[in-house]
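These notes are about the structure you will find just below.
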Amino acid sequence: MNLPLLRIEQVNKSFGRNHVLRDVSLDVHAGQVQCVIGPSGSGKSTLLRCVNWLEVPDSGHVYLEGEPIGFRWKGASLHEMTSAQLAVQRRQMGMVFQGFHLFPHRRVIENVTEGPIIVNGLDRKSAREQAMDLLSKVGLAEKADAFPESLSGGQMQRVAIARSLAMRPKLMLFDEPTSALDPELVGDVLDVMKDLAYEGMTMVVVTHEMAFARDVADHVVFMDGGCLVEAGPPEQIFAAPEHERTRSFLSRVL
């Protein structure tokens, strides 16, 4: 069987009385780019945070390569992972947030090498060589010795992408990575993401960039009110959506 790299199965999540995710199920296969679109408050970011257990679902399961996230099998039953076990599992998933979350007191090169050295045990020489390769990939090799405060928002986001890639993840999660950027800085970040997609990186991207979703995604997911309303290839979702709610949303944003 061609098992998905990522499987989200009947996930529910509430915050108090606010039922944010309602029985959401989704499969993502290796090499796919899935873009999640929808209005603010529809549960898109919460869904991503449930994938890597930054938020713990109230019910349902998430699997990476068939292994449950946040749990381990003991015999025939599932038991919660320890924080150390969960940390090991999270290394397989890179996440890029709306904010950049760089270490302000560390140079760009140090932001990219710190994880591989401390977490993965990579020697400093190899970590630096890898970091320079990644900074070249995102077009920032010349900024290796700069501090984050000297960078533009778009440059900081590209460093954040390089930092996530340095951990050699199997899956990249992007939570509206361009929403905090000035419009003129968005293109450089999207170009890096496009390159990753063309290289075969498995990606789940929560985005309001409809052109990116239309041009790069293999699969587009539309969410509203915590529900997965409609999903399909971009040519279907953007040209011939089946649900009125999808049509209404797209008529306002395209």
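When reading the values below, keep in mind they use all heavy atoms of this one structure, side chains included, and skip hydrogens, waters and symmetry mates. Computed from a prediction, not measured in an experiment: that's the story for all the values here. Positions are given from 1, in the same order as the sequence printed here.
Within the 3.5 Å criterion, the main-chain N or O of P39 finds a donor-acceptor partner in the side chain of K44. Within the 3.5 Å criterion, the main-chain N or O of V206 finds no donor-acceptor partner in the side chain of D175. Between the Q32 side chain and the H29 main chain, a donor and an acceptor come within less than 3.5 Å of each other. A donor-acceptor pair under 3.5 Å links the side-chain atoms of Q34 to the main chain of D27, judged by distance alone. At least one donor-acceptor pair under 3.5 Å links the side chain of Q155 to the backbone N or O of S152. Using a distance-only test at 3.5 Å, with no hydrogens or angles considered, a donor-acceptor pair links the side chain of Q89 to the main chain of G70. No donor-acceptor pair closer than 3.5 Å links the side chain of E230 to the backbone N or O of R245. Remark: the backbone N or O of M132 is paired with a side-chain donor or acceptor of S136 at under 3.5 angstrom. Between the side chain of E67 and the main chain of L64, no donor-acceptor pair closer than 3.5 Å is present. Between the side chain of R158 and the backbone N or O of V138 there is at least one donor-acceptor pair closer than 3.5 Å.
Under the 30°/60° scheme for interplanar angles, the aromatic rings of F222 and F249 are found to be tilted.
Between S45 and Q98, some side-chain heavy-atom pair lies under the 4.5 Å cut-off. Between I37 and L250, the closest side-chain pair of non-hydrogen atoms falls below 4.5 Å. Looking only at side-chain heavy atoms (C-beta outward), R247 and P241 come within less than 4.5 Å of each other. Here the side chains of L6 and V62 are in contact, with some heavy-atom distance below 4.5 Å. Put simply, the side chain of M172 reaches to within 4.5 Å of the side chain of S164, judged on heavy atoms. Looking at heavy atoms from C-beta onward, R163 lies in side-chain contact with L102 at the 4.5 angstrom threshold. A 4.5 Å side-chain heavy-atom check between F174 and L196 finds at least one atom pair inside the cut-off. Between V96 and M193 the shortest side-chain heavy-atom distance does not fall below 4.5 Å.
Residues passing the side chain to side chain contact (heavy atoms under 4.5 Å, CB included) test with D145 are R107, I109, R128, sequence neighbours excluded. For S40, the side-chain hydrogen bond (donor to acceptor under 3.5 Å, both in side chains) test picks out no residue, with sequence neighbours left out. In terms of the ring pair (Phe, Tyr, Trp, His ring centres under 6.0 Å) criterion, residue partners of H101 (sequence neighbours excluded) are, by chain and number, F97. Legend: residues meeting side chain to side chain contact (heavy atoms under 4.5 Å, CB included) with I117, ordered by chain and number and at least two apart, are T113, R124, A127. Legend: residues meeting side chain to side chain contact (heavy atoms under 4.5 Å, CB included) with Q10, ordered by chain and number and at least two apart, are D23, S25.
The two residues A146 and S150 make their nearest non-hydrogen contact at CB-OG, 3.5 Å. In this structure, A231 and H219 approach most closely via the heavy-atom pair CB-NE2, 3.6 Å. Shortest non-hydrogen contact noted between F238 and V220 is CE1-CG2, 3.9 Å. Minimum heavy-atom separation, N111 to P148: ND2-CG, 4.0 Å. For the residue pair F100 and A160, the shortest heavy atom distance occurs at O-CB, 3.8 Å.
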Q) Passes side chain to side chain donor-acceptor pair (under 3.5 Å), S126 versus D123? Steps please. A) CA-CA 6 Å; S126 298; D123 66 88; 2.9 Å; yes
Q: Starting from the C-alpha separation in whole Å, work towards a yes-or-no answer on side chain to side chain donor-acceptor pair (under 3.5 Å) for E209 and T178.
A: CA-CA 8 Å; E209 300 289 345; T178 61; 3.2 Å; yes
Q.
Working note: L151 + K143, criterion side chain to side chain contact (heavy atoms under 4.5 Å, CB included); need CA distance, chi angles, decisive distance, verdict.
A. CA-CA 8 Å; L151 305 180; K143 298 291 186 180; 3.8 Å; yes
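Residue-environment remark: CD (E235) exceeds the threshold of 12 foreign heavy atoms within 6.0 Å. Within a 6.0 Å sphere centred on CD of Q85, heavy atoms belonging to other residues, nucleotides or ligands number more than 12.
Cluster annotation: M201 is connected to V192 through the hydrophobic network of ILVMFWY side chains, with a link wherever side-chain heavy atoms come within less than 4.5 Å. Under the 4.5 Å side-chain contact rule for hydrophobic residues, V189 and V112 share a cluster. Hydrophobic cluster membership is shared by M93 and L5, with clusters built from Ile, Leu, Val, Met, Phe, Trp and Tyr side chains linked at under 4.5 angstrom. Clustering ILVMFWY residues whenever any of their side-chain heavy atoms sit less than 4.5 angstrom apart, transitively, puts I161 in the very cluster that holds Y198. Linking Ile, Leu, Val, Met, Phe, Trp and Tyr whenever their side-chain heavy atoms come within less than 4.5 Å puts I69 and I8 in one cluster.
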Cut-off 3.5 Å, no hydrogens considered: what does the side-chain donor-acceptor table look like for residues 47-60, sequence neighbours left out?
| from | atom 1 | to | atom 2 | distance (Å) |
| --- | --- | --- | --- | --- |
| N52 | OD1 | L54 | N | 3.3 |
| D58 | OD2 | S14 | N | 2.6 |
| S59 | OG | N12 | ND2 | 3.3 |

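For K194 and E199, the salt-bridge test fails: no basic side-chain N is under 4.0 Å from an acidic carboxylate O.
With hydrogens and angles left out, the side-chain atoms of Q130 and R168 include a donor and acceptor closer than 3.5 Å.
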